[in-house]
Enquirer: 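Below you will find the structure I want to go over with you.
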Amino acid sequence: MHASVCDFVLDVVQNSVEAGARLVELDLFEEGGRISVRVADDGRGMTGEERARALDPFRSDGGKHPGRRVGLGLPFLEQAVRAADGEFDLESRKGRGTTLRFSFPADHLDTPPTGDVPGLFRSALAFEGGYEMRIRRRREARPGEPGTEYEVIRSELREAAGDLSGATALILAGRYLESLEGSGDGPRE
Ligand SMILES: Nc1ncnc2c1ncn2[C@@H]1O[C@H](COP(=O)(O)OP(=O)(O)OP(=O)(O)O)[C@@H](O)[C@H]1O
Ligand SMILES: [Mg+2]
């Protein structure tokens with residue numbers, strides 16, 4: 001299985017939610033020849049030792065999910081970033097929170113495909129729990145393709161679409177996110 005950038009990001013966001021974050025910030029920018037991601041949370045954070053363990057590709061934790069998917073998680077993300085000459089930085093403070101930043105050069109052969117951006121946002125917003133989330137998205141215009149720039153706040157979306165556990169709300173939210181991604185000038189009716 002080859003993970004897209006969006007697959008990796010969803011994994012990282014899930015960690016933030018599972019770490020008990022009240023606020024998760026997600027930036028996804030495609031500009032200046034790079035795909036840049038920042039995920040910041042105010043969850044429980046990690047000690048230096050926990051951080052090293054989280055990044056260790058040989059860690060075997062007996063498995064929350066024995067035998068599950070390969071190729072995701074922080075060690076694989078770091079590996080994918082390094083293979084494409086990208087940048088990777090994980091900062092964490094126990095009891096305070098965690099910030100992960102990484103970027104890929106857009107034109108490197110080993111850079112994974114970006115993947116399904118509105119699908120990523122929809123899933124990232126739909127985890128269970130009362131966390132707030134602020135998404136910032138920018139994509140530079142390319143020949144034949146307009147750029148886009150928008151922001152989504154989870155609490156505002158939930159006010160408009162309802163809580164995102166129901167199928168109808170999820171479909172509505174998905175359409176809304178697709179319209180933001182596609183047009184750059186907001187949803188069209
Ligand atoms: N944002 C974060 N805040 C606090 N701890 C984190 C964060 N991200 C990762 N960790 C720690 O690193 C560990 C490893 O993360 P990783 O995503 O690789 O596996 P997992 O979340 O335990 O399992 P899975 O992702 O398969 O559900 C986590 O269990 C957690 O202890
Ligand atoms: Mg995880």
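Read the numbers this way: they start at 1 and go in the same order the structure lists the ligands and their atoms. Only this structure's heavy atoms are used, side chains among them; waters, hydrogens and symmetry mates stay out. Computed from a prediction, not measured in an experiment: that's the story for all the values here.
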Enquirer: Should one rank Lys94, Met46, Glu18 by closest heavy-atom distance to atom 11 (C) of ligand 1, which comes out on top?
Expert: Met46
Enquirer: Which residue from Asp41, Asp56, Asn15, Asp11 reaches closest to atom 17 (O) of ligand 1 through any of its heavy atoms?
Expert: Asn15
Enquirer: Using the test side-chain contact (heavy atoms from CB on, under 4.5 Å), find all partners of Gln79 that sit at least two apart in sequence or belong to another chain.
Expert: Phe76
Enquirer: Under the salt bridge (Lys or Arg N to Asp or Glu O under 4.0 Å) rule, collect the residues that match up with Arg44, sequence neighbours excluded.
Expert: none
Enquirer: Pick one: which of Arg137, Arg175, Arg138 meets salt bridge (charged side-chain N to carboxylate O under 4.0 Å, His left out) with Glu181?
Expert: Arg137
Enquirer: Mark up the atoms of ligand 1 that fall under 4.0 Å of a heavy atom belonging to Ala54, in ascending order.
Expert: 12 (O)
Enquirer: Check ligand 1 against Thr98 and write out every atom of the ligand that is under 4.0 Å from a heavy-atom position of the residue.
Expert: 1 (N), 2 (C), 3 (N)
Enquirer: Would you say Gln14 reaches the Mg ion (ligand 2) with an N/O/S atom under 2.8 Å?
Expert: no
Enquirer: Quick one: is the NZ or CZ of Arg154 closer than 6.0 Å to the six-membered ring centre of Tyr131, and within 45° of its axis?
Expert: yes
Enquirer: Does the pair Glu49/Arg53 count as a salt bridge with the N-to-O cut at 4.0 Å?
Expert: no
Enquirer: Do any nitrogen or oxygen atoms of Arg44 lie less than 3.5 angstrom from nitrogen or oxygen atoms of ligand 1?
Expert: no
